[in-house]
Amino acid sequence: MAGFLEKLRTQRPKYTPPTNGSGAPAIPDDLWLKCTACAAPVFRKVFDENLKVCEKCGHHHKMTARERLASLADADSFEEWDAQVSGGDPLNFSPDYLPKLRKDQDKTGLRDAVLTGQIRMDGMAVALGIMDFHFRGGSMGSVVGEKVTRAIEEGARRKIPVVMVTASGGARMQEGVLSLMQMAKTCAAVNRAKAVPVPYIVVMTDPTTDGV
């Protein structure tokens with residue numbers, strides 16, 4: 001046994017810490033961050049474990065839709081709906097609007113400002129919609145309205161609770177009246193779901209404006 005342990009010790013590769021090229025140890029750039037409320041330095045690992053809540057002042061920082069999903073859903077239970085539904089510039093608002101949409105798609109990994117699907121929450125099936133403020137301020141255009149409506153209708157069809165997590169500045173001005181029409185459409189879907197009836201729950205996160 002002593003010979004075997006000695007062989008392991010001598011054959012184990014020596015650990016060499018990564019360097020930044022000048023010989024100094026390399027330190028990840030995102031190891032620490034600054035709280036946007038109290039400006040205190042926060043260790044990122046602790047920050048992420050606390051679901052982006054500052055341990056110093058208790059400020060809740062904005063979460064992406066995927067981060068919010070991970071905090072709510074049972075592991076490996078997410079079934080995404082309408083993943084490929086994508087919008088455009090129906091009113092020819094401006095030449096730079098479509099490039100901005102593409103940039104937000106690349107940044108968030110979403111086709112538009114809401115993620116919808118079914119999850120299990122502590123074992124219970126739930127129809128879920130999560131708005132992402134990082135995509136055009138979470139604004140509701142035709143695609144967001146359509147996906148929210150479909151999620152509510154599918155939840156009602158399956159007779160499971162519907163949960164919507166909001167983070168939005170309101171209607172998407174680049175779509176004008178088409179955006180405003182979504183409020184009537186989504187409200188009608190909610191009323192139909194209540195008539196089934198299925199529970200409809202809205203979780204308001206930062207920021208959620210009055211119209212939303």
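Predicted, not measured: the structure shown is a model, and the values here were computed from it.
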Euclidean distance, [Y] [atom2] relative to [X] [atom1], rounded to 0.5 Å:
X	Y	atom1	atom2	result
R192	T149	CZ	OG1	7.5 Å
M140	L180	CE	CG	11.0 Å
E146	D112	CD	CG	11.5 Å
D89	K100	CG	NZ	11.0 Å
I130	L69	CD1	CG	5.0 Å
F78	L72	CZ	CG	11.0 Å

### Task
Any pair with a residue in residues 40-70 that passes ring pair (Phe, Tyr, Trp, His ring centres under 6.0 Å), sequence neighbours left out, goes on the list, sorted by first then second residue, please.
W32-F43, F47-H61, H59-H61
Validation row: [X], [Y] side chains within 4.5 angstrom (heavy atoms):
X	Y	answer
R66	L110	yes
K62	K52	no
K147	W81	no
I201	V162	no
S179	M173	no

### Query
Where do F135 and K103 land on the side-chain contact (heavy atoms from CB on, under 4.5 Å) test, with the steps shown first?
CA-CA 9 Å; F135 195 113; K103 182 178 180 181; over 6 Å; no
On a heavy-atom basis, which atom in [X] and which in [Y] lie closest, and how many Å separate them?
X	Y	value
I160	A125	CB-O, 3.7 Å
K159	V196	CG-CG1, 4.2 Å
G129	T116	CA-CG2, 4.1 Å
G141	Q182	O-CG, 3.4 Å
P41	K56	O-NZ, 2.9 Å
R150	V85	NH1-CG2, 3.8 Å

Enclosure of [X] [atom1] (heavy-atom neighbours >12, cutoff 6.0 Å):
X	atom1	result
M121	CE	yes
K34	NZ	no
K107	NZ	yes

Looking only at side-chain N and O atoms, does [Y] offer a donor or acceptor that is under 3.5 Å from a partner on [X]?
X	Y	value
S77	R120	no
S142	E175	yes
Q118	R158	yes

### Query
Looking at residues at least two apart in the chain, or sitting in another chain, which of them share a side chain to side chain donor-acceptor pair (under 3.5 Å) with T166?
T208
Hydrophobic clustering (ILVMFWY, side-chain heavy atoms < 4.5 Å, transitive) - are [Y] and [X] grouped together?
X	Y	answer
V144	I152	yes
V190	V203	no
M164	M131	yes
V202	V198	yes
F133	V165	no

### Task
Test side-chain contact (heavy atoms from CB on, under 4.5 Å) on L101 and R136 and set out the steps.
CA-CA 8 Å; L101 285 181; R136 298 289 92 202; 4.0 Å; yes
### Message
Check K45 with E55, please: is the shortest side-chain N to carboxylate O separation under 4.0 Å?
### Response
no
